[in-house]
Amino acid sequence: MRIGEVAEKAGVSVRALRYYEEQGLLQAGRSPGGQRHYPDTAVGRVRLIQQLYAAGLPSRVVRKVLPCVDSGEEKAPPALLDQMAAERVRVDQRITDLLDDVIAIARDPDSDCSHVE
DNA sequence: CTTCTCACA
DNA sequence: TGTGAGGA
């Protein structure tokens, strides 16, 4: 199917799909006219990419994870699982810090409301 | 009407 | 990633 259909089914923008291809995350064939052509499995793959990014994984990790999904039943290398576990620690800490900051600001608006006009 | 590439007041 | 241009 063409890019527009995949975008609609996966719930992402056409722009995002072209970007994923640039990043080597999504394989796309070309028609003689130059139009991208995707296999039906592309929709699921795009959703997976979404999951990965939504989980807060940096693109560099996402790029390492996807190849494992492709290569048949090959199980993910322990090293990669460790890296993902490390990401969870990092993301958890990041969220905690971010929320602490926001809560602190909400607690005493006086100290810092210069952001709002 | 849809897709493509390129570039950014 | 959005958006618009200019062409197929």
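All of these numbers come straight from a predicted model, not from anything done at the bench. Throughout, a chain's letter reflects where its sequence line sits, starting with A, and its residues are numbered from 1.
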Checklist entry - Around atom CZ of Arg47(A), are there more than 12 heavy atoms of other residues, nucleotides or ligands at under 6.0 Å? => result yes
Item to check | Dot-bracket line, read 5' to 3' along DNA chain C, where crossing pairs take [ ] and | marks a partner on another strand, Watson-Crick or G-U under 3.5 Å | outcome: .|||||.|
Checklist entry - Starting at CZ of Arg2(A) and ending at C1' of dA8(C), how long is that distance when rounded to a whole Å? => result 13 Å
Item to check | Distance (rounded to the nearest 0.5 Å) between Glu87(A) CD and Arg94(A) CZ | outcome: 13.0 Å
Next on the checklist: I need the CD1-C1' distance between Ile49(A) and dT1(C), as an integer number of Å.
Outcome noted: 15 Å
Next on the checklist: Given 3.5 Å as the limit, does a donor-acceptor pair link the side chain of Arg88(A) with the main chain of Ala55(A), or not?
Outcome noted: no
Checklist entry - Should Tyr19(A) be listed as having a side-chain N or O under 4.0 Å from OP1 or OP2 of dG2(C)? => result no
Checklist entry - Under 4.0 Å between a Lys/Arg side-chain N and an Asp/Glu carboxylate O for Glu5(A) and Arg2(A)? => result no
Checklist outcome for this item: Heavy-atom contacts, protein to nucleotides 4-9 of chain B, under 4.0 Å, summarised as B (base), S (sugar-phosphate only) or - (none) per nt, yield BB-B--
Checklist entry - How close do Val6(A) and Ala42(A) get, heavy atom to heavy atom, and via which atoms? => result CG1-CB, 4.4 Å
Item to check | Atom CZ of Arg60(A): over 12 foreign heavy atoms under 6.0 Å | outcome: no
Item to check | Ile3(A) CD1 to Ser13(A) OG distance, which is reported to the nearest 0.5 Å | outcome: 8.5 Å
Checklist entry - Whole-Å distance between dT1(C) P and Gln50(A) CD? => result 7 Å
Next on the checklist: If we ignore hydrogens and angles and just use 3.5 Å, is the side chain of Arg45(A) paired with the main-chain N or O of Leu25(A) as donor and acceptor?
Outcome noted: yes
